[in-house]
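A short worksheet on the structure shown next.
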Amino acid sequence: PKPSMLDFVNKAKWDAWNSLGKIPKMYEEIMKALEQAAKDDSTLTVMTGSGDYYCSGNDLSNFTDIGPEGVEQKSKNSGELLKRYVSHYIDFPKPLIGVINGPAVGVAVTILGLFDAVYATDKATFHAPFSQLGQSPEGCSSYTFPKIMGTSKANEILLFNKKLTAAQACELGLVTEVFPDSTFQKEVWKKLHAYAKLPKNSLAFSKQLIRGVEKEKLHAVNAQECERLVERWLSEECMNAIMGFFEKKSKL
Amino acid sequence: PKPSMLDFVNKAKWDAWNSLGKIPKMYEEIMKALEQAAKDDSTLTVMTGSGDYYCSGNDLSNFTDIGPEGVEQKSKNSGELLKRYVSHYIDFPKPLIGVINGPAVGVAVTILGLFDAVYATDKATFHAPFSQLGQSPEGCSSYTFPKIMGTSKANEILLFNKKLTAAQACELGLVTEVFPDSTFQKEVWKKLHAYAKLPKNSLAFSKQLIRGVEKEKLHAVNAQECERLVERWLSEECMNAIMGFFEKKSKL
Amino acid sequence: PKPSMLDFVNKAKWDAWNSLGKIPKMYEEIMKALEQAAKDDSTLTVMTGSGDYYCSGNDLSNFTDIGPEGVEQKSKNSGELLKRYVSHYIDFPKPLIGVINGPAVGVAVTILGLFDAVYATDKATFHAPFSQLGQSPEGCSSYTFPKIMGTSKANEILLFNKKLTAAQACELGLVTEVFPDSTFQKEVWKKLHAYAKLPKNSLAFSKQLIRGVEKEKLHAVNAQECERLVERWLSEECMNAIMGFFEKKSKL
């Protein structure tokens with residue numbers, strides 16, 4: 001079945017740890033899962049994928065599948081949805097940890113700047129080809145990436161479509177630590193189970209202290225990024241870039 | 001004699017260079033020394049320890065030694081004191097340089113984000129085990145550490161109690177340069193004596209320009225961190241964590 | 001002929017690519033070139049030097065060559081000019097890329113924090129000896145450098161006159177990527193020609209999104225830096241430092 005606009009985890013089955021249960025496939029369901037994880041009595045929350053991919057990003061066929069609401073309204077709705085989605089990460093009240101088990105694409109990469117720690121297998125890659133598709137950065141990456149690694153490095157990813165290896169992402173500070181794929185799962189879960197035994201409120205309050213200082217700015221950045229994307233999705237540049245993508249694909 | 005709450009340099013004898021004279025053992029006396037150093041005609045100010053440690057952090061027996069003021073008032077007073085202490089670093093008007101001659105723990109680590117340069121022996125380590133003790137970050141580290149190294153790296157230290165080697169601290173940008181222990185003192189003081197000959201006002205005004213842009217934010221962060229710590233010090237989590245520390249110690 | 005105050009590219013012939021044509025030697029002419037490049041239909045703008053140097057910085061003989069307006073007015077005028085000059089970089093609306101073909105000095109280094117990507121030959125060096133000359137940071141470097149690399153690293157450059165190799169500047173995040181000098185021109189222009197084919201509006205809007213969040217702050221920093229420099233240029237410290245420079249030079 002064709003994945004819907006929300007189906008940005010189409011190739012990755014998101015698992016959860018401790019409190020999350022199965023993170024389902026849709027933005028709305030991920031938001032619901034995050035809301036639940038925020039309230040339950042777990043110490044921290046982990047997002048990971050199962051299988052070969054961490055997350056393969058939005059399915060581009062969404063762009064060609066316009067419903068009766070028309071293209072402008074669909075674009076506006078998608079912007080609103082993305083803004084709410086990213087807000088859930090900005091406001092998440094306990095440590096949020098990414099366990100990146102394979103290639104990550106698009107919003108699954110950019111949102112990592114809002115995670116509190118990111119562990120990756122050496123088989124992971126990180127790719128957010130915005131300009132190639134006529135689009136622009138989301139997930140607060142226009143703010144978090146330059147903050148983490150400086151503008152000169154961030155722009156290779158945000159403007160010029162560079163795909164990072166796990167080692168490169170770690171050196172740039174997007175990833176906390178990289179493990180060999182053969183021992184990745186064992187080592188990272190051992191670490192996370194130890195973290196989960198730490199004083200729970202101390203971790204939550206410390207995380208809120210660290211993010212609190214920039215929370216207002218993050219919401220403003222998120223709003224601006226989504227506004228820009230709504231404009232981008234309606235632009236000829238974006239349409240042409242996505243048509244080009246499918247044409248190339250159909251020739252394979 | 002039991003070290004007091006202020007005695008956070010209990011294992012390290014703080015020396016000084018150029019203007020500071022002997023930095024004494026207490027927060028109040030360090031503040032006085034910083035006030036004096038700010039006004040005298042020295043070009044820059046250096047903080048270092050003598051002996052094996054740079055600074056071993058607060059003595060935890062302070063937490064069990066409650067005076068007649070009661071635990072709530074003591075916690076509030078300690079918060080006020082810490083806020084004033086950190087403010088002295090935020091407002092320090094000339095280059096402040098850390099010469100880290102050995103292991104550094106707790107607030108002696110977090111405050112380094114407010115120093116202008118940090119030189120370390122390769123025998124130095126950097127450890128701020130907040131959550132392990134049910135506490136939360138201070139010294140503006142909830143702001144400076146993510147700014148210096150990105151959130152993914154900073155949280156290993158601020159949330160998950162990672163102890164850094166000197167080489168790791170240097171790679172992450174907390175430390176300016178690391179020297180082999182055998183030549184550390186010679187090389188670093190040669191460098192500092194050369195720096196001290198540079199135009200004095202140029203250095204002071206440049207430092208103030210660099211810090212000025214974030215001074216208001218630093219004071220706000222400091223206030224929030226101290227408010228959070230006052231709450232933490234009174235929490236069951238913190239009490240339990242510190243009791244656990246002493247129980248473990250008594251079994252050795 | 002003696003280079004004028006504006007002639008900060010005295011040893012480097014600035015070339016241009018795509019839209020810029022020949023970037024001329026003067027601040028005013030560079031501003032005019034940037035204004036033109038901002039409006040034309042090019043996708044991105046490149047600044048580079050031809051010959052051995054990228055840019056050797058301001059000619060210090062400007063400081064001894066005071067016209068009929070007097071030293072105070074000249075200093076004030078120079079501050080106004082510098083502020084306008086740096087503003088042109090802050091407001092530049094499309095990706096601005098530095099191709100650093102050799103040593104860079106002074107404002108040509110500090111302004112790189114406002115570039116969107118910086119590629120360097122391994123023969124390039126980066127040097128901004130402010131305090132050595134009794135001066136203080138410009139080009140928004142008092143803000144951008146600590147943001148990119150952390151205060152401990154930034155201050156070696158901004159306060160203590162450290163000259164960086166290309167490899168060091170790349171590790172610190174000031175430079176995006178370094179190439180061996182023998183293949184530098186070939187590799188970098190191949191890369192840039194590929195970038196220039198990306199969707200133009202997507203790149204411009206993405207860049208504006210990334211810089212927009214800090215644009216107001218950058219203008220404030222620029223104003224403060226220039227104000228401080230006007231004071232510095234009139235200071236005895238600065239006069240003495242520059243006289244010392246010429247005395248040393250005349251003895252060679």
Legend entry - Option in C/V213, C/N201, C/I148 with maximal non-hydrogen atom pairs under 4.5 Å from chain A: C/N201
Legend entry - Passing option when A/L159 is tested against A/N155, A/N161, A/I157 for side-chain contact (heavy atoms from CB on, under 4.5 Å): A/N155
Inset, instruction - Give the intermediate values and the outcome of salt bridge (Lys or Arg N to Asp or Glu O under 4.0 Å) for residues A/E225 and A/R228. - result: CA-CA 5 Å; A/E225 287 179 345; A/R228 172 53 64 200; over 6 Å; no
Legend entry - Proximal component of C/L174, with respect to chain A [non-hydrogen, under 4.5 Å]: backbone
Inset, instruction - Can you tell which part of C/K191 gets under 4.5 Å to a heavy atom of chain A, answering side chain, backbone, both or neither? - result: side chain
Inset, instruction - Would you check, one step at a time, whether the test salt bridge (Lys or Arg N to Asp or Glu O under 4.0 Å) holds for A/R84 with A/E28? - result: CA-CA 9 Å; A/R84 275 203 304 126; A/E28 290 288 358; 2.6 Å; yes
Legend entry - Parallel, tilted or perpendicular: ring planes of C/Y195 versus A/F160, cut at 30 and 60 degrees: parallel
Inset, instruction - Classify the side-chain pair C/K94/C/T45 by whether it contains a donor and acceptor separated by less than 3.5 Å. - result: no
Legend entry - Contact origin within A/E156 toward chain C - heavy atom pairs under 4.5 Å: side chain
Legend entry - Heavy-atom proximity to chain A below 4.5 Å, by part of C/L198: side chain
